[in-house]
Amino acid sequence: MTFRLYDTATREVRDFVPLEEGKVGLYVCGLTVQSEPHVGHVRSGVNFDVLQRWLRHLGYDVTFIRNITDIDDKILIKSAEHGRPWYNLAYAMHRELDKAYDALNVAPPTYEPAATGHVPEMVELITELIGRGHAYPAEDGSGDVYFDVRSWPSYGELTHQGVDDMEPAADADPRGKRDPRDFALWKGWKKETEPETAAWPSPWGPGRPGWHIECSAMAGKYLGPAFDIHGGGVDLRFPHHENEQAQSRAAGRPFATYWMHNAWITTAGEKMSKSLGNSLTIPAVLEKYRGIDLRFYLVAAHYRSHVEFSFEALEEAAAGFARIESFLQRAGADETADGQLPQAFVDAMNDDLGTPAAVAVLYDAVREGNRLLAAGDDATAVAASVDAMLDVLGLHPADPAWAGSGSSAQDGKLRSAVDVLVAGLLAERAAARKAKDWARADAIRDQIKEAGIEVEDTPAGPKWSID
RNA sequence: GGUGGGUUGGCCGAGAGGCGAGGCAACGGACUGCAAAUCCGUGUACACGGGUUCAAAUCCCGUACCCACCUCCA
């Protein structure tokens, strides 16, 4: 089976055919760095990371561009509220985002361009659009430049909407627009309210980029006029992606061949951005849960399915993942073994990244491996296969990428210290068991458990682990 | 008003006309001094009402409820 993808533009699962054999150009809309990243934000990161890894597994040479938007209205407003320069806020949040990605083993893209570094490319694109009659400088002297929606007949094609059916924005600022649906490509500098550092020179006077033009310009620069896959969250379909496509095509660039959109994570039925809380920011969640558990939770759901986030569900996922890890430990993974991916796993992944079915295959393998171990047989081949599956999902516990979240050198030292202490108690318990003094043996086990350490008797002797 | 998505067992979460994805939890059994871990087994779930079909959670019609987007939210 070849790799197939659900394409939002055509609303169907299509065979993936790259523009150039063996190569994939992938563009994903990253974040506007205006606040700490939350669980919803990283879902997109994890989803597209899985896509990237799978494409690489399939042998594609992937150029993956994921931008960040480091200047916009909200950044300016928030930074003013906090009394810090906008670029300082954007930079700080950008660093937080990188930390969150690292904690979830989201591999860096080929490049992560920032909007503010690509003003010349945007100016060039806007100039081209004006030249072709698809954009115009506002007539009110504001310095804004708008895209002329009416001049582009296929506007609305990505989201299958007719221009006349669109609800005119309630908050649309009509200043200088020919049609309320026209959108800003360039925003003139507002001297009175905006810092001078937030304005760049342009043929239309000082100003800053409109949101949509950034992505068109950056995708064009790094991936060329036509590329394979464009991704982002569902909320970006309209207006952001619709506008990106319109302005790119209006400038004579074919743009993306496939559109992928990941669904939401909600809490209490509400979209995360609307619902309160700092309790769901990545730093906060990572205080209680490991990054690998959170990633597993996210990967176990299909990227196009809505997920209702709950800590209970996260805990269930973590419990399940613990079983996988414990199998690998018991099987004694052979690092040299070149694990094969089961065909069912490959088929699941090829079918629009069917990670839920892929995870089911993973569990099947774990059960089979445990069965072999219970029968006293060799399970290293199965373990190698489990290794391979976890690897391609970015979930391998031994991946050094996880080092920062839970198993540092410090932990190692602590562990060996505890080991010495527990070993003494276990020797005492062993003596009691030998004398069939079960009460004494159980008392020792309970004592150890009081300290939060679980003791298991295995054929190879007692083992302890921290709860 | 326009566009799209959803409602699956105690819980999470797949599937998209016919064999009960998978996980978590629960219960029974094996193993164990007892546990733990592990394995084996146990569930007649698909919002509601009609219809199509030999066969519907899956297709069609209708109803209810929920959600997203409609110009700078992943």
Side-chain angles (χ1 to χ4, degrees), chain A residues 8 11 28-32 34 37-45 47-48 69 72-74 147 149 156 159-162 164-173 177 180-184 187 209-214 231-240 242-243 261-266 269-274 297 300-302 304-308 310 312-321 323-324 326-327 330 344 348 354-364 367 369-375 433 436-439 441-442 445 449 454-458 462-463 465:
Chain A
T8 313
R11 297 176 183 164
V28 172
C29 288
L31 298 191
T32 298
Q34 46 138 336
H38 57 59
V39 177
H41 292 136
V42 294
R43 180 184 197 187
S44 167
N47 285 156
F48 289 105
T69 295
D72 89 318
D73 291 353
K74 282 187 185 163
F147 183 84
V149 165
T159 48
H160 307 94
Q161 302 178 85
D164 296 313
D165 292 330
M166 290 175 198
E167 191 174 79
D171 64 336
D173 185 354
K177 285 187 184 178
R181 294 162 193 85
D182 290 352
F183 55 91
K187 309 180 82 156
W211 182 33
H212 318 297
I213 199 73
E214 299 169 8
V234 275
D235 59 328
L236 299 182
R237 276 178 312 190
F238 192 89
H240 188 52
E242 185 73 66
N243 291 353
H261 295 278
N262 64 275
W264 290 117
I265 290 193
T266 57
E270 272 191 89
K271 193 171 153 180
M272 232 171 235
S273 58
K274 281 182 185 163
Y297 174 56
H302 189 80
R304 282 196 283 125
S305 291
H306 165 113
V307 167
E308 169 71 19
S310 74
E312 291 73 20
L314 176 53
E315 258 162 48
E316 282 184 9
F321 193 71
R323 206 174 111 221
I324 297 169
S326 120
F327 163 66
R330 301 198 316 136
T355 52
V359 167
V361 175
L362 182 58
Y363 274 116
D364 286 341
R367 199 183 322 108
N370 277 327
R371 193 182 290 136
L372 290 171
L373 288 176
R433 292 183 73 204
K436 296 204 193 293
D437 181 357
W438 309 125
D442 289 352
R445 187 170 59 195
K449 196 183 169 89
E454 195 80 45
V455 173
E456 296 170 31
D457 293 317
T458 75
K463 272 180 52 183
S465 56

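Hydrogens, waters and symmetry mates are skipped; everything else that's a heavy atom, side chains included, is used. Protein chains get the first letters and strands the later ones, always in sequence-line order, with residue 1 at the start of each.
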N/O donor-acceptor pair, side chain D442(A) with base rG33(B), under 3.5 angstrom: yes
Polar pair under 3.5 Å, donor/acceptor by atom type, side chain R445(A), base rA35(B): yes
Nearest-Å distance for atom pair [atom1]/[atom2], residues [X] and [N]:
X: K449(A); N: rA35(B); atom1: NZ; atom2: P; value: 14 Å
X: Y363(A); N: rC39(B); atom1: OH; atom2: P; value: 12 Å
X: W264(A); N: rG4(B); atom1: CH2; atom2: C1'; value: 14 Å
X: Q34(A); N: rC73(B); atom1: CD; atom2: P; value: 7 Å
X: D72(A); N: rC73(B); atom1: CG; atom2: P; value: 6 Å
X: E315(A); N: rC11(B); atom1: CD; atom2: C1'; value: 13 Å
X: R304(A); N: rA68(B); atom1: CZ; atom2: C1'; value: 15 Å
X: E308(A); N: rC11(B); atom1: CD; atom2: P; value: 14 Å

Please measure how far the [atom1] atom in [N] lies from the corresponding atom in [M], and state the result in whole Å.
N: rA14(B); M: rU71(B); atom1: P; value: 30 Å
N: rG5(B); M: rA45(B); atom1: P; value: 28 Å
N: rC39(B); M: rA25(B); atom1: P; value: 12 Å
N: rG15(B); M: rU7(B); atom1: P; value: 10 Å
N: rC46(B); M: rC11(B); atom1: P; value: 12 Å
N: rA56(B); M: rG51(B); atom1: C1'; value: 11 Å
N: rG43(B); M: rG23(B); atom1: C1'; value: 15 Å
N: rA74(B); M: rG49(B); atom1: C1'; value: 39 Å

Within less than 4.0 Å of OP1 or OP2 of [N], is there a side-chain N or O belonging to [X]?
X: R237(A); N: rA68(B); result: no
X: R371(A); N: rU38(B); result: no
X: N370(A); N: rC39(B); result: yes
X: K463(A); N: rA36(B); result: no
X: S305(A); N: rA14(B); result: yes

Which part of the nucleic acid does [X] contact within heavy-atom distance under 4.0 Å: base, sugar-phosphate only, or nothing?
X: F183(A); value: base
X: G30(A); value: sugar-phosphate
X: H302(A); value: sugar-phosphate
X: S310(A); value: nothing
X: I265(A); value: base
X: G210(A); value: nothing
X: V42(A); value: nothing
X: D182(A); value: nothing

So which heavy atom on [X] is nearest to which on [Y], and how close?
X: P209(A); Y: E214(A); answer: CB-CG, 4.1 Å
X: V307(A); Y: A301(A); answer: CG2-CB, 3.7 Å
X: A348(A); Y: A358(A); answer: CB-N, 3.7 Å
X: T8(A); Y: H160(A); answer: O-CE1, 4.0 Å
X: D164(A); Y: R181(A); answer: O-NH2, 4.5 Å

Name the pairing partner of [N], where a pair is Watson-Crick or G-U wobble with both distances under 3.5 Å, or state none.
N: rC39(B); value: rG29(B)
N: rU63(B); value: rA47(B)
N: rU3(B); value: rA68(B)
N: rC34(B); value: none

Summary of protein contacts for nucleotides 25-32 of chain B, nucleotide by nucleotide, where a base hit scores B, a sugar-phosphate-only hit scores S (4.0 Å, heavy atoms): --------
Given [options], which nucleotide is nearest the side-chain atoms of [X]?
X: H41(A); options: rA14(B), rU38(B), rA74(B); value: rA74(B)
X: R330(A); options: rG2(B), rU38(B), rA74(B); value: rU38(B)
X: L236(A); options: rA74(B), rG22(B), rC12(B); value: rA74(B)
X: E456(A); options: rU3(B), rU71(B), rA37(B); value: rA37(B)
X: R367(A); options: rC39(B), rA37(B), rA74(B); value: rC39(B)
X: R323(A); options: rC39(B), rC73(B), rU71(B); value: rC39(B)
X: E454(A); options: rA74(B), rA36(B), rG13(B); value: rA36(B)

Trace of the side-chain contact (heavy atoms from CB on, under 4.5 Å) decision for E316(A) with E312(A): CA-CA 6 Å; E316(A) 282 184 9; E312(A) 291 73 20; 5.6 Å; no
Contacts of type salt bridge (charged side-chain N to carboxylate O under 4.0 Å, His left out), residue R323(A), not counting sequence neighbours: none
Once you round to the nearest 0.5 Å, how far does [atom1] of [X] lie from [atom2] of [Y]?
X: D235(A); Y: W264(A); atom1: CG; atom2: CH2; answer: 3.0 Å
X: L31(A); Y: H38(A); atom1: CG; atom2: NE2; answer: 8.5 Å
X: F327(A); Y: L362(A); atom1: CZ; atom2: CG; answer: 10.0 Å

Upstream residue (5' side of RNA chain B) when H212(A) and P356(A) are each assigned their closest nucleotide: P356(A)
Closest-nucleotide ordering on RNA chain B, the 5'-leading residue of R11(A) and P209(A): R11(A)
Residues E456(A) and T458(A): side-chain donor-acceptor under 3.5 angstrom: no
Is_stacked (W438(A), rG33(B)) at 5.5 Å, 30 deg: yes
Whether H240(A) and H212(A) hold their rings parallel, tilted or perpendicular, with breakpoints at 30° and 60°: tilted
